[in-house]
Trainee: 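Mind having a look at this structure? Questions to follow.
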Amino acid sequence: MACLDNRIVFNEQPLLSKEQSGQGQVIQQSAEIMDEPLIGAFRCSDARSSSTEQGCLEEAHASAKCSMTTGQAHHRTDQMTTTSSGALPIEDWLKAEPAHQRREALPPPQQPAPTAINMWSLIKDMVGKGELSRVATPVQFLEPLSELQQRCEDMEFSELLDQAAAVERCSLERLLLVTAFAVSAYSGVKRTCKPFNALLGETYELACPEKGFRFISEKVQHEPTTINRVLAEGRGWTFELEDELHTRFTGTAVELAPIVLLQVAFSDGDTYRWGKAMTSINNVIVGRIHLEHKGSWRLRGVQSGLIACMKFHAATMLSSKSKLHEVSGVVEKDGVALKGVKLRGKWDRELHADLPDGSSRLLWRVNPPAADPSRYCMTPWVLRLNDLTPQLAGRLPHTDTRLRPDVRCLELGIYDQAAVHHKQMEEGQAKKLARIAKPGATHEPRWFERVGGCGKIGEEYLFRYRGGYWEACAAGAFAAQETQIERE
Ligand SMILES: CC(C)CCC[C@@H](C)[C@H]1CC[C@H]2[C@@H]3CC=C4C[C@@H](O)CC[C@]4(C)[C@H]3CC[C@]12C
């Protein structure tokens, strides 16, 4: 096995200078975002250093090696076909991308869990800031995932979009299936740890050939507000998300008001757009933390004019337990509700549709939980998000969340190192932010480009995919960056 496949490199300097990157624009641009360390200043190659990082990385290597012995195919970039324009359409990509092995549990922690600290110490920082993703958080409150990976949780039920792509354009059925997909996005997050704040320029990809889609995301803006951008492509559909998360502390709860633009566009030219409900994190100071989504939101078929008007019901003091997490909805066209069509269910469990002919149909149901939810309560889907297989380690860009040492150490239960790395990375980030705040300096996201001017999410997307990520990946461009640093 070539050692490249086992190597994990955390950038500490520009991986490629512009002059060095005679390999096309793709690499040239990735060099630009790396002029400030995004990811903590250490590097680990096959050479075993005596540093403490070694432990965590060896563990990653060990898990990487064991999945290698299963004889899985490598990333077969040579078999990928690209069109004359150099683009790698999803269908071609799916043919060449090997399936990834899934793990069933997180590795056992290497250190005893740190003692809990007071939640108030966290909240008081948040009160003035208005954005949860700006608060420096001690690792005790964190789970080993970044915000970007948390966005990818929404893709668990991507089959609903495949089903929707297969039915008639602008039909009621398609609207219902997309609505079920939108509701399913709420089901996963019942955990009450905070994901790591994404760093400016951080990316996260998920290649999911088994389910037939690929996902890429990037934190694209820090000022005036924090914005994450997502693009997922499947067979016959693309899903996009751009979000800003505003927070408010009410005294007992933290309320999240996401400004989110979500869209699914089918290849037959039919698009759907929606926003998100409020989320309130209750009992943050005393009692048991629990999440509640509440309020109304609409999912609009742009071409069909059909609108699903959904409502998450907030539990009141009087409401019975059976009403907890309830969601209901109707479908409207031109302001008039369609007769006999109703949506009902629970956001953490299932969604049914009552249809005009009197029948009822189950649109979506949650997957069973993991066999052992003891560490961070992750579901099988969520468990895979931070998994670093050898194929991945050899080909990911150095900006990918999976290569963050703080997240990795937390996952391995090396809590003291996680804290040290986390602090370093936050300091690195603060430096970078100070630098780009200077007049004339800006940050250009790598995979998305700014198309809107005001810096706030509105009716249209502020950022648009530049293209080229999967093509660069297939051409081995990210692996080439690692080779480069190794030679220095
Ligand atoms: C209160 C603070 C200190 C700790 C809370 C930690 C947990 C409960 C918070 C931190 C980040 C939060 C997530 C941030 C963003 C979203 C997107 C939104 O559309 C649905 C809720 C969801 C998925 C939140 C669920 C609750 C969440 C996971």
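Atoms within a ligand are numbered from 1 in the order they appear, just like the ligands themselves. Throughout, residue positions are numbered sequentially from 1 according to the sequence presented.
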Trainee: Determine, using heavy atoms of P195 and all atoms of ligand 1, whether some pair is separated by less than 4.0 Å.
Mentor: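 Yes, P195 has heavy atoms under 4.0 Å from ligand 1.
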Trainee: For V254, take its heavy atoms, then give the atoms of ligand 1 lying under 4.0 Å from any of them.
Mentor: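 Close to V254: 1 (C).
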Trainee: Is the ring pair W347/H293 parallel, tilted or perpendicular, if the boundaries are 30 and 60 degrees?
Mentor: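 If you compare the ring of W347 with that of H293, the planes turn out perpendicular.
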Trainee: Minimum distance, heavy atoms only, to atom 20 (C) of ligand 1: which one of L262, T279, T192 is it?
Mentor: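 Heavy atom nearest to atom 20 (C) of ligand 1 belongs to T279.
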Trainee: For L256, take its heavy atoms, then give the atoms of ligand 1 lying under 4.0 Å from any of them.
Mentor: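 Atoms satisfying the 4.0 Å criterion: 12 (C), 14 (C), 24 (C).
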Trainee: Does atom NZ (K211) have a neighbourhood of more than 12 heavy atoms from anything else shown, all under 6.0 Å?
Mentor: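 Buried by this count: over 12 neighbours within 6.0 Å.
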Trainee: To the nearest 0.5 Å, what is the distance between CZ on R229 and CD on E218?
Mentor: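 Answer rounded to 0.5 Å: 10.5 Å.
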Trainee: Which ligand 1 atoms does L245 reach within 4.0 Å, using its non-hydrogen atoms?
Mentor: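 Atoms satisfying the 4.0 Å criterion: 14 (C), 15 (C).
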Trainee: Measure the acute angle between the ring planes of W237 and F213, then classify it against the limits of 30° and 60° as parallel, tilted or perpendicular.
Mentor: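 W237 vs F213 ring planes: tilted.
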Trainee: Under 4.0 Å, counting heavy atoms only: does E153 come that close to any atom of ligand 1?
Mentor: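 Per 4.0 Å heavy-atom rule, E153 does not contact ligand 1.
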Trainee: Any donor-acceptor pair under 3.5 Å linking the side chain of E97 with the backbone of L94?
Mentor: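 Here the side-chain-to-backbone pair does not exist.
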Trainee: For atom 19 (O) of ligand 1, which of K276, R191, R151 has the closest heavy atom?
Mentor: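 It is K276 whose heavy atom sits nearest to atom 19 (O) of ligand 1.
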